[in-house]
K.L.:
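Structure provided below as C-alpha cells; questions to follow.
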Amino acid sequence: MMSTDAPGRAVDQGAGAVQPPAHVAVIMDGNGRWAAQRGLPRAEGHRRGVEALRRAIRAAGDLGVRYLTVYSFSSENWSRPQDEVSDLMNLLRLFVRRDLAELRKAGVRVRVIGERAGLPADIAALLEEAESTTRANTALTLVVAFNYGGRQEIAAAARAIARDVAAGRLDPEAVDVEAVARRLHAPDLPDPDLVIRTSGEQRISNFLLWQSAYAEYVFLPIHWPDFDRAAFEGALESFQARQRRFGGRGERAGA
C-alpha cells in the first residue's frame, strides 16, 4: 500500500530532469466540508482523510520527495467539540496500529513535532513507538505535526533562549536566526520548499511559521479526502515552474 519502489520523477526523466522539492508540507484541510457536501458525518470525512494521507505518503515516496510534513492536529483543534476530538484521537490510534508495520517495511521514518506534555498517555506512547521503531529508515521522512502550533513553537524557542541567557550560557548579542532555529522542535530537518493546502482556503493557520519563510505555496480547490497522486503531481509541477528568489535574483525552483 505504501510502496516506495517506484523511482522518483527526476530518475524517470533522465539525468537532466527537473528535481522535485526535497521537503513538502501539507495542510490537510476540508474533511468536514467534504462530508457535509455528501450528507455524511464529520467522522467519515476524517476517516477518508486518513485514506488520502496514505495516498500522499505513497506518492511522496514515488515522486522523489525526501521529507513530507503533515499538519495532523493543531494546538487549536482541542477547542473543537469533544466528540470530534475523540474521533480524531481514535483515528490516530488506528493509523499507528494498522500502518506502522507497513511504514517501517517501506523505509519510512516517522518524526513527530509539537507539544507532548499533557497528551493522553496512550497517544504519547504511540507517537514514541512510531518514532523509535522507524528511526533507522531512510527512504522518506514523514513528519507528523501533532498538537502543534507555529507561534507556540517560536515562543518555546524564545523561552529556551531566555533560560540560556539567564544562566550565562548564551550572550544576548549572540541571539540570531540560527540561535532560534536550533531551538525549534526539529532543527535538523530542512525547511519546506513547498507548502500545499487543500480546500481552497488561502491561509497558513499557524503552521511552520518560522520554517516556511521562503517556501512556495500551492492552494488547491479540492478537499483533503479527494487529494490523490494527480493532485500531488500538479502541485509539484506548479512549484517547478516558479522562480525562487530568497531575497535575491532567484533560480528556477526545480533546478
K.L.:
May I have the step-by-step check of salt bridge (Lys or Arg N to Asp or Glu O under 4.0 Å) for R47 and E44, ending in yes or no?
P.N.:
CA-CA 5 Å; R47 190 184 71 79; E44 180 63 14; 2.7 Å; yes
K.L.:
Using only atom types and a distance under 3.5 Å, with no angle test, would you say the side chain of N90 pairs donor to acceptor with the backbone of S86?
P.N.:
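Flag set: sc N90 to bb S86 pair under 3.5 Å.
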K.L.:
Verify salt bridge (Lys or Arg N to Asp or Glu O under 4.0 Å) between D87 and R93, making sure each step is shown before the conclusion.
P.N.:
CA-CA 10 Å; D87 287 338; R93 293 180 177 100; over 6 Å; no
K.L.:
What residues form a ring-ring contact (aromatic ring centres under 6.0 Å, His included) with F227, not counting sequence neighbours?
P.N.:
W224, F232
K.L.:
Taking the six-membered ring for Trp, are H23 and Y67 parallel (under 30°), tilted (30 to 60°) or perpendicular (over 60°)?
P.N.:
tilted
K.L.:
Keeping the roles fixed (side chain from D164, backbone from L170), state whether a donor-acceptor pair exists under 3.5 Å.
P.N.:
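Pair absent, no side-chain N/O of D164 close to backbone of L170.
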K.L.:
According to a hydrophobic-cluster definition based on side-chain heavy atoms being under 4.5 Å apart (Ile, Leu, Val, Met, Phe, Trp, Tyr only), do L100 and L91 belong together?
P.N.:
yes
K.L.:
Using the rule that Ile, Leu, Val, Met, Phe, Trp and Tyr join whenever any side-chain heavy atoms are under 4.5 Å apart, tell me whether F239 and I222 fall into a single cluster.
P.N.:
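Yes, because F239 and I222 connect within a single hydrophobic cluster, where side-chain heavy atoms sit under 4.5 Å apart.
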K.L.:
Run N206 and Q152 through side-chain hydrogen bond (donor to acceptor under 3.5 Å, both in side chains) and show every step you take.
P.N.:
CA-CA 9 Å; N206 203 21; Q152 291 86 337; 3.0 Å; yes
K.L.:
Just wondering, do I27 and I196 contact through their side chains at under 4.5 Å, heavy atoms?
P.N.:
no
K.L.:
Identify whether the distance between the nearest side-chain nitrogen and carboxylate oxygen of D226 and R48 falls below 4.0 Å.
P.N.:
no
K.L.:
Pairing donors with acceptors under 3.5 angstrom, does anything connect the side chains of Y217 and S212?
P.N.:
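Distance-only check passes for Y217 and S212.
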K.L.:
Are any of the side-chain nitrogens in R197 or E201 under 4.0 Å away from the carboxylate oxygens of its partner?
P.N.:
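Here R197 does not pair with E201 in a salt bridge, since their nearest N and O are not under 4.0 Å apart.
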K.L.:
Start with the C-alpha distance between D99 and R54, add both sets of side-chain angles, then the distance that settles salt bridge (Lys or Arg N to Asp or Glu O under 4.0 Å), and finish with yes or no.
P.N.:
CA-CA 9 Å; D99 291 65; R54 295 187 179 108; 2.7 Å; yes
K.L.:
Quick one: do the W78 and N147 side chains pair a donor with an acceptor below 3.5 Å?
P.N.:
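Yes, side-chain donor-acceptor contact under 3.5 Å.
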K.L.:
Would you sort out whether L142 and R109 count as a side chain to side chain contact (heavy atoms under 4.5 Å, CB included), showing the intermediate values?
P.N.:
CA-CA 6 Å; L142 172 64; R109 181 181 182 184; over 6 Å; no
K.L.:
Do T69 and P192 make a side-chain contact, defined as non-hydrogen atoms from C-beta onward lying under 4.5 Å apart?
P.N.:
no
K.L.:
Identify which one of E153, H185, E76 satisfies the side-chain hydrogen bond (donor to acceptor under 3.5 Å, both in side chains) criterion when paired with Y148.
P.N.:
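The single option meeting the side-chain hydrogen bond (donor to acceptor under 3.5 Å, both in side chains) with Y148 is E153.
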K.L.:
Under 4.5 Å between side-chain heavy atoms, counting indirect links through other Ile/Leu/Val/Met/Phe/Trp/Tyr residues: same cluster for W210 and V195 or not?
P.N.:
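Yes; tracing contacts between hydrophobic side chains, which count when under 4.5 Å, links both residues.
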